[in-house]
Protein chains: 2
Amino acid sequence: MSTTQALLDSLLAHKSAINLASTEQKNAALVAMADQLEADCEQILQANSRDMEQAQGAIAPVMQDRLLLTAERVKAMADGIRALIALPDPVGLTLDDYQAENGLRIQKTSIPFGVIGMIYESRPNVTSDAAALAIKSGNAVILRGGKEAFHSSQAIVTALKTGLVKAGIAPEVIELVQDTSRASAQELMTAKGKIDLLVPRGGAGLIQAVVEQATVPVIETGTGICHVYVDQAADLEKALAIVANAKTSRPSVCNSAEVLLVHQDIAAQFLPLLEEKLAGQVELRADEKALAYLKQGQPAGPDDFDTEFLDYILAVKVVEHVAEAAAHIAVHSTGHSEAIVTESAETAAYFTQMVDSAAVYVNASTRFTDGGEFGLGCELGISTQKMHARGPMGLREMTTYKYIITGTGQVR
Amino acid sequence: MSTTQALLDSLLAHKSAINLASTEQKNAALVAMADQLEADCEQILQANSRDMEQAQGAIAPVMQDRLLLTAERVKAMADGIRALIALPDPVGLTLDDYQAENGLRIQKTSIPFGVIGMIYESRPNVTSDAAALAIKSGNAVILRGGKEAFHSSQAIVTALKTGLVKAGIAPEVIELVQDTSRASAQELMTAKGKIDLLVPRGGAGLIQAVVEQATVPVIETGTGICHVYVDQAADLEKALAIVANAKTSRPSVCNSAEVLLVHQDIAAQFLPLLEEKLAGQVELRADEKALAYLKQGQPAGPDDFDTEFLDYILAVKVVEHVAEAAAHIAVHSTGHSEAIVTESAETAAYFTQMVDSAAVYVNASTRFTDGGEFGLGCELGISTQKMHARGPMGLREMTTYKYIITGTGQVR
């Protein structure tokens with residue numbers, strides 16, 4: 001048996017230790033996990049420096065920055081865990097409770113999934129976020145991080161397990177896959193009956209591979225070709241601030257904007273102002289109409305309206321009206337986040353109704369699609385599918401439910 | 001382009017006619033659809049008799065009975081549609097509405113999926129149930145029934161479309177796949193971006209094929225290896241009635257019981273009574289301990305505790321305690337419905353907590369797992385998966401949600 005299969009069997013044997021834990025037990029575990037992360041900071045940083053050494057020259061500088069841990073970042077991870085303590089327990093909620101016509105009492109109760117699997121890349125804080133969300137939502141969890149971050153993840157999981165032991169919960173409910181080859185990912189994707197929910201988090205390639213190959217239930221996350229539409233009735237100050245923020249505050253993340261749509265009646269006024277604001281920072285790839293209003297614009301290529309740049313590049317298109325904007329989004333969006341900037345309540349209502357994405361913004365930046373910003377604590381990922389969960393996935397999205405039906409001998 | 005692809009493209013072009021319809025429009029459509037079914041009863045029965053002729057000798061008598069329509073059954077279909085009218089509209093509900101710390105107003109609103117696909121077998125009433133649930137929940141729907149029922153389904157869909165026209169809704173929001181070959185099922189399973197949710201309903205083979213081959217989101221339905229556990233503290237009268245009902249009232253359906261577990265301290269008393277009650281009607285396939293208490297029992301074979309018999313056969317096993325019953329269920333159940341018969345509140349609580357199935361019964365028959373019995377109107381199917389929906393899937397389970405976030409120019 002592979003080491004990964006052995007871990008899966010061990011999780012199956014131990015999951016009830018967390019599936020059935022009380023709110024008090026789970027919160028005590030989070031306290032101990034957070035404290036232990038800080039107590040083990042030195043070991044975690046040493047492990048991280050081993051990963052960083054191997055990363056030199058092997059991965060891009062922006063990825064190296066994602067991988068790097070500092071004492072401050074370890075403390076932020078611990079604080080992220082502590083932020084979950086005050087949130088309500090999503091397990092054991094009565095979602096429905098009624099007497100059916102047949103006299104049966106039907107209770108619909110929230111319960112943990114059981115075992116959650118997570119396949120991700122090189123950000124070590126995902127390890128502690130996912131483990132903490134799993135514990136608070138009563139789930140056992142199996143984590144498969146990228147090989148670049150293996151030593152860091154290992155040290156973090158060691159600390160979290162020590163915390164569990166101190167809180168009196170079996171440490172076997174959090175496991176890190178030891179084999180970072182492709183084979184172990186494949187084992188998780190096909191662990192029917194052992195993994196109740198698998199969440200891939202990372203680049204588009206990783207997510208697509210998991211969605212296509214998995215036979216266990218998967219929630220698709222992440223890829224964001226996000227649009228900002230600047231309406232003819234936009235407040236231009238707001239529009240400039242929102243477009244600049246959505247594009248430049250953190251271009252490497254999924255909720256950053258990739259495409260700007262501008263109403264034709266405002267394009268002549270808005271686009272030169274935007275170009276000035278983003279000058280030297282963002283490359284504008286524009287369609288023919290937009291190009292006419294730009295000094296430094298590049299003509300957009302055939303793929304530029306279907307690309308998640310994750311970079312300082314913005315595709316720009318002039319549209320005739322909000323309906324054309326919505327139609328463009330329907331064809332080119334990944335269903336993550338879109339925004340309209342307008343002072344017209346009617347146009348805003350049309351846009352929010354017609355645009356079928358997880359998060360639709362009026363006069364705000366797409367960058368807010370985030371579990372923390374939504375008040376969910378941290379997040380497991382951002383769902384871009386419609387089944388089960390859409391948008392930021394917090395504790396509630398890590399539960400399912402069952403019906404408990406109580407009778408007095410009813411037959412049918 | 002295949003005829004099925006053409007239908008999928010047409011649905012995409014027309015879906016907003018139902019996705020955005022008001023409650024009044026949708027209810028008016030249901031009234032007209034139900035009335036038209038009754039008005040077209042003669043044509044529907046003629047079409048059904050063509051299917052019945054072809055079915056002679058080709059399919060089993062029990063399947064022929066499923067296929068047969070009568071004026072009474074057509075009226076029952078119409079009444080099934082009418083039962084949805086009074087139910088609340090699941091679309092446009094405010095699932096959450098709060099102000100986040102960043103000042104944004106975050107509204108979580110229920111919306112239809114968009115286009116729902118359904119692959120099913122030979123029961124013509126599934127055609128009208130699924131179409132009516134789709135309309136009430138604001139979804140366009142593409143139906144692919146079995147070839148045995150094609151003429152019946154065609155006549156039913158024709159009536160439903162006429163009803164839509166009379167109610168002023170584009171008839172292109174309900175479509176029946178014209179090609180009943182394997183190729184058309186394959187086209188539905190891989191219609192990414194066109195079908196938002198695919199629900200297979202039928203035998204285990206059909207469901208497994210769809211779950212394995214689909215690239216669109218699927219909800220797994222149906223297969224039920226349901227257990228009844230008779231505890232030492234059971235009321236034997238209730239236990240006899242519940243086991244007999246769960247096994248014999250309709251053995252061909254997924255919520256019928258396939259396995260009986262009996263506490264060892266009550267087996268000597270209960271099993272002979274049960275054998276007497278089921279005599280001549282049900283074959284008992286028993287493990288060694290149970291066999292000792294039965295006169296006519298057959299020794300259970302290796303697969304008998306993992307088989308959905310859908311027949312007058314019951315596997316019987318004696319267990320030492322409720323924990324062994326729960327452990328057996330954890331390994332052998334399909335997660336559909338299980339029941340405990342006991343007068344001990346403590347044992348009942350243990351059982352409902354430990355058993356991880358969609359519906360867990362105390363002192364009632366598993367046969368109640370059904371949308372109608374749960375008060376959901378009819379049902380699209382019974383989910384045996386944990387993601388998105390579990391148990392009977394009614395209107396609410398045919399919606400998803402989106403976040404609408406309103407700001408005053410916030411950036412991050």
Side-chain angles (χ1 to χ4, degrees), chain A residues 16 20 98 100-102 104 106 108 111 113-114 196-197 211-212 215 217 219 235 237-238 241-242 244-246 249 341 348 352-354 356-365 367-370 373-375 385-391 400-412, chain B residues 16 20 98 100-102 104 106 111 113-114 196-197 211-212 215 217 219 235 237-238 241-242 244-246 249 341 348 352-365 367-370 373-375 385-391 400-412:
Chain A
S16 65
L20 304 178
Y98 60 102
E101 280 182 26
N102 48 43
L104 294 173
I106 299 181
K108 189 174 172 183
I111 58 170
F113 269 97
D196 295 288
L197 179 65
V211 168
E212 280 168 14
T215 57
I219 290 193
D235 173 325
E237 285 303 312
K238 286 182 193 166
I242 287 170
N245 179 266
S249 62
V341 187
T352 58
Q353 185 170 49
M354 296 302 289
D356 187 18
S357 295
V360 186
Y361 291 83
V362 178
N363 294 329
S365 168
R367 289 275 292 108
F368 287 105
T369 306
D370 173 279
E373 296 292 332
F374 274 35
Q385 68 176 51
K386 292 182 183 180
M387 249 175 69
H388 187 75
R390 247 189 146 182
T400 178
Y401 57 82
K402 67 176 157 190
Y403 287 98
I404 297 173
I405 306 100
T406 308
T408 51
Q410 276 91 342
V411 297
R412 186 178 168 198
Chain B
S16 65
L20 303 178
Y98 59 102
E101 279 182 28
N102 48 42
L104 293 173
I106 299 181
I111 59 170
F113 268 98
D196 296 288
L197 179 66
V211 169
E212 280 169 13
T215 57
I219 290 193
D235 173 325
E237 287 300 311
K238 287 181 192 167
I242 288 169
N245 179 266
S249 63
V341 187
T352 59
Q353 185 171 48
M354 295 302 289
V355 172
D356 186 19
S357 295
V360 185
Y361 290 85
V362 178
N363 293 329
S365 168
R367 290 275 292 107
F368 287 105
T369 307
D370 174 278
E373 296 292 332
F374 274 35
Q385 69 175 50
K386 293 183 183 178
M387 247 176 68
H388 187 75
R390 248 189 146 181
T400 178
Y401 57 82
K402 67 177 158 190
Y403 287 98
I404 297 173
I405 306 100
T406 309
T408 50
Q410 277 91 340
V411 297
R412 186 180 170 196

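In what follows, chains are A, B, ... by sequence order, proteins preceding strands, each numbered from 1.
- Neither the backbone nor the side chain of A:Asp235 comes within contact range of chain B; no heavy atoms are under 4.5 Å apart.
- When heavy atoms are compared at a cutoff of 4.5 Å, B:Val355 approaches chain A solely by way of its backbone atoms N, CA, C and O.
- Looking at A:Ala389, both its backbone and its side chain come within 4.5 Å of chain B, counting heavy atoms on both sides.
- Using a 4.5 Å cut-off between heavy atoms, B:Ala358 contacts chain A through its backbone alone, with no side-chain atom that close.
- In this structure, no portion of B:Thr215 lies under 4.5 Å from any heavy atom of chain A.
- Here the CG-CZ distance, from B:Asn102 to A:Arg367, works out to 12.0 Å after rounding to the nearest 0.5 Å.
- Both the backbone and the side chain of A:Ile242 come within contact range of chain B, each with at least one heavy atom under 4.5 Å from a heavy atom of that chain.
- For the set A:Ser16, A:Ala364, A:Ser249, the count of heavy-atom pairs under 4.5 angstrom toward chain B peaks at A:Ala364.
- Counting heavy atoms from C-beta outward, B:Gln353 and A:Ile404 have side chains that stay 4.5 Å or more apart.
- For A:Gln385, the part lying under 4.5 angstrom from a heavy atom of chain B is the side chain only.
- Looking at B:Lys402, its side chain does come within 3.5 Å of a backbone N or O of A:Thr352 through a donor-acceptor pair.
- With a 4.5 Å cut-off on non-hydrogen atoms, A:Val211 touches chain B through its side chain but not through its backbone.
- Between the CD atom of A:Gln410 and the CG atom of B:Asn363 there is a distance of 9.0 Å, given to the nearest 0.5 Å.
- Considering only heavy atoms from C-beta on, A:Tyr98 stays 4.5 Å or farther from A:Lys108 through its side chain.
- Not one N or O on the side chain of B:Tyr403 forms a donor-acceptor pair closer than 3.5 Å with the backbone of B:Ile106.
- When each of A:Val360, A:Val362, A:Asp356, A:Ile405 is checked for heavy-atom pairs under 4.5 Å with chain B, A:Ile405 comes out on top.
- Counting heavy-atom pairs closer than 4.5 Å to chain B, the top-ranked of the candidates A:Asn245, A:Asp370, A:Thr406 is A:Asn245.
- Only the backbone of A:Ser357 comes within less than 4.5 Å of a heavy atom in chain B; its side chain stays farther off.
- Across all their heavy atoms, B:His388 and B:Phe113 have their closest contact at CE1-CZ, 3.5 Å.
- A distance of 9.5 Å separates OG1 in A:Thr400 from CG in A:Leu197, rounded to the nearest 0.5 Å.
- Chain A forms the most heavy-atom pairs under 4.5 Å with one residue out of B:Gly391, B:Ala244, B:Ser365, B:Ala100, and that residue is B:Ser365.
- Chosen from A:Glu237, A:Lys238, A:Glu101, the residue pairing most often with chain B at heavy-atom distances under 4.5 Å is A:Lys238.
- Using a 4.5 Å cut-off on side-chain heavy atoms (C-beta onward), A:Arg390 and B:Ile111 make contact.
- With hydrogens and angles ignored, the 3.5 Å screen pairs no side-chain donor or acceptor of B:Arg412 with any backbone N or O of A:Phe368.
- Heavy atoms of A:Ala359 lying under 4.5 Å from chain B belong to its backbone as well as its side chain.
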